[in-house]
Number of protein chains: 2
Amino acid sequence: MTRRGPTLEDVARVAGVSRATVSRVVNGVRNVDPHIQETVRRAITHTGYTPNQAARSLVTRRTGTVALVFSADGDPVAARVFADPFFGRVVDGALRFLHERAVQPVMLVADSAQARTRVVDYLSRGAADGALVVPLDAADPLPGMLVTAGIPMVLFGRPPAEVRTGFVDLDNAAGARMAAAHLSARGRRRLAVIAAPDSAPAARERLNGFLEASALAGIEEVPVVSGRFTADSGRRAMARLLREHPGLDGVFAANDLMALGACQYLRERGVSVPGDIAVVGFDDSSAATECGPPLTTVRQPVEHMAAAMARLLVEQLQGVGATCSSEMFEPLLVVRESA
Amino acid sequence: MTRRGPTLEDVARVAGVSRATVSRVVNGVRNVDPHIQETVRRAITHTGYTPNQAARSLVTRRTGTVALVFSADGDPVAARVFADPFFGRVVDGALRFLHERAVQPVMLVADSAQARTRVVDYLSRGAADGALVVPLDAADPLPGMLVTAGIPMVLFGRPPAEVRTGFVDLDNAAGARMAAAHLSARGRRRLAVIAAPDSAPAARERLNGFLEASALAGIEEVPVVSGRFTADSGRRAMARLLREHPGLDGVFAANDLMALGACQYLRERGVSVPGDIAVVGFDDSSAATECGPPLTTVRQPVEHMAAAMARLLVEQLQGVGATCSSEMFEPLLVVRESA
DNA sequence: TTGAAAGCGCTAACAA
DNA sequence: TTGTTAGCGCTTTCAA
């Protein structure tokens with residue numbers, strides 16, 4: 001199993017030059033006689049030479065690789081990540097950018113304490129130059145661990161205050177304001193919110209933005225019930241809202257999955273959406289289109305955000321950017337049938 | 001940006017021993033005095049030492065890393081891979097196995113000629129020890145390229161005859177025969193198939209198996225419409241079948257996502273499933289249970305297959321297994337409500 | 001059981 | 001413009 005290919009030395013011998021010259025040709029350093037360059041190239045194809053990454057990294061302290069990490073605190077990440085096109089959009093945006101920069105992206109999954117340790121190890125050993133981290137839950141300990149380990153990284157979503165790192169994020173409050181404006185423009189006056197735990201900063205911003213815009217529209221009393229980002233928690237929240245506030249005509253949920261749960265519950269109870277109650281979600285994930293009826297929701301420009309995340313990391317690695325720069329993005333209201 | 005941590009040398013100095021001894025402790029080689037072991041361990045935590053992967057790989061010719069590659073010949077892989085729970089199961093099965101063997105899996109995406117070259121380069125340079133390749137189309141050139149480059153690899157699905165490599169595969173024809181037998185046992189006689197492009201050998205085997213078993217049951221005329229493995233293509237195929245063959249009472253789709261799309265369409269048109277038309281899928285992915293009604297489907301033991309793929313590769317890397325061993329798996333009919 | 005020393009294959013100063 | 005040389009940090013003989 002010891003694949004031992006030709007080395008620089010071998011190529012040098014064949015080409016009749018020194019190792020250094022071959023290295024220069026391989027790495028495209030100028031100041032090499034075009035004629036010799038040609039000879040060396042021939043020798044390279046002739047020998048079938050491929051650079052050894054380990055040897056290279058040992059001296060450059062670089063791998064040319066960046067990790068894209070999907071991280072969650074408890075459940076199997078794979079089942080979640082590979083069932084929601086949202087993540088496909090993240091991958092697409094990040095990979096496209098990195099490819100253009102000749103940086104090789106590798107994807108990692110961290111869905112247990114053990115897996116997190118392994119990921120931190122992997123990066124600490126220098127197997128990749130930095131990490132783009134997509135945490136599925138706000139309470140995820142991985143970002144903190146990476147900061148502590150001194151790994152260059154950029155996060156998808158604003159980190160907790162104590163974790164100092166670069167990130168990209170959406171103007172969640174603005175998105176929520178759009179949702180409120182849309183509902184009130186459609187004449188809905190008795191609004192409610194299915195929010196999410198305060199531990200997720202994005203969730204709080206969405207709630208606050210919605211309340212703010214409702215107030216501006218003259219709607220003061222807006223009942224709030226908290227869910228946990230899951231469809232099931234959404235349906236439960238909807239049940240409670242319906243029980244305690246029977247006159248509702250509009251609901252905003254802090255993500256699509258909860259909006260989906262709410263719609264399911266309403267449909268089962270014979271409440272028409274949007275006839276009786278209009279529902280607006282957030283994310284524009286696959287759940288939005290699969291919902292019955294398709295969700296009106298607030299869309300994040302995920303691909304752009306992912307590309308920006310990659311750019312921030314690359315700049316940081318090149319020593320151009322700061323280690324903590326961040327970038328904000330604007331959401332977009334997508335009107336479908338639910339509101 | 002030159003993260004330069006403590007080295008073996010530093011630890012050795014602190015512990016008052018030689019580099020070699022520290023190396024032995026780090027790598028758990030026996031024949032080290034327990035007392036000294038303790039001292040070294042203390043020195044390691046004290047200095048915050050982490051091994052340098054490049055230096056290590058340079059001498060061992062190993063990275064302890066294996067690549068899981070998703071590969072397709074044309075379209076953006078990410079959008080497809082991250083929308084089909086099937087791939088989540090592959091990832092889950094492979095990762096679980098590799099984690100237990102202390103092998104770090106990294107996932108790569110190869111969806112263009114350029115990306116393929118990069119993946120081959122990545123592996124040729126020794127950034128990972130081998131590859132588990134999941135080709136989305138049969139015409140995919142990547143497996144051939146990797147064989148040529150001498151990269152240890154195992155494929156998901158049987159490769160073309162000219163590509164000599166290890167693989168795992170499902171008896172797709174047998175699964176499709178089960179589907180046909182089930183439908184005809186339930187008294188369905190007017191069957192149709194939502195197939196997939198011939199470029200996917202698994203898809204062709206499923207189609208052939210179904211037609212073969214239908215013929216055996218005395219059902220000769222079976223209309224076939226091709227989808228592209230997505231829910232949306234499934235709903236479109238269903239629409240066409242319904243239009244062109246209004247008397248259908250049973251449909252077999254080459255994967256669950258297309259079956260799901262078909263069910264959605266039927267429901268919308270007020271066609272009862274399975275009352276009017278029975279639907280059978282293939283895969284038993286999470287789409288099967290999320291479908292309304294839950295899908296009767298042919299289950300692939302995907303996790304087992306992926307684990308086997310990982311095992312074959314690891315054995316090959318350890319010099320235990322042959323470079324070309326393969327393993328076949330049997331499908332299982334899972335009867336739910338749709339047929 | 002431990003240490004000394006020889007590389008692994010490459011890049012990058014520095015000389016020529 | 002090219003070659004010489006000194007490491008990068010680690011594992012692994014080989015002696016002691």
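This one's a predicted model, so the numbers in the text were calculated from it and none came from an experiment. Here is how names work: the chains are called A, B, and so on, in the same order as the sequence lines, proteins then strands, and each is numbered from 1.
Residues satisfying the ring-ring contact (aromatic ring centres under 6.0 Å, His included) test with Phe87(B), not counting sequence neighbours, are Phe70(B). With sequence neighbours excluded, the residues satisfying side chain to side chain contact (heavy atoms under 4.5 Å, CB included) with Ala20(A) are Ser18(A), Arg24(A). Partners of Tyr122(A) by ring-ring contact (aromatic ring centres under 6.0 Å, His included), not counting sequence neighbours: none found. Partners of Val163(B) by side chain to side chain contact (heavy atoms under 4.5 Å, CB included), not counting sequence neighbours, listed by chain and number: Pro143(B), Val147(B), Pro159(B), Pro160(B), Thr165(B).
One axis for each end of the helix from dT1(C)-dA16(D) to dA16(C)-dT1(D), each built from five base pairs, and the angle between them comes to 30° at 10° resolution.
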Starting from the C-alpha separation in whole Å, work towards a yes-or-no answer on side chain to side chain contact (heavy atoms under 4.5 Å, CB included) for Val22(A) and Val26(A).
CA-CA 6 Å; Val22(A) 179; Val26(A) 170; 4.1 Å; yes
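Side-chain N/O atoms of Thr21(A) include none lying less than 4.0 angstrom from OP1 or OP2 on dT2(D).
The distance from atom CZ of Arg96(A) to atom CD of Glu303(A), rounded to the nearest 0.5 Å, is 8.5 Å.
Atom CG in Leu58(B) sits about 12 Å away from atom C1' in dG7(D), given to the nearest Å. Regarding Arg13(A), its CZ atom lies at a distance of 15 Å from the P atom of dG3(D), rounded to whole Å. Atom CZ in Arg61(B) sits about 20 Å away from atom P in dG9(D), given to the nearest Å.
For Glu162(A), the CD atom counts as densely surrounded, since its 6.0 Å shell holds more than 12 non-hydrogen atoms of other residues, nucleotides or ligands. A 6.0 Å sphere centred on CZ of Arg164(B) holds no more than 12 heavy atoms belonging to other residues, nucleotides or ligands.
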Output one letter per nucleotide in nucleotides 10-16 of chain D: B when a protein non-hydrogen atom lies under 4.0 Å from the base, S when only the sugar-phosphate is that close, - when neither is.
BBBB---
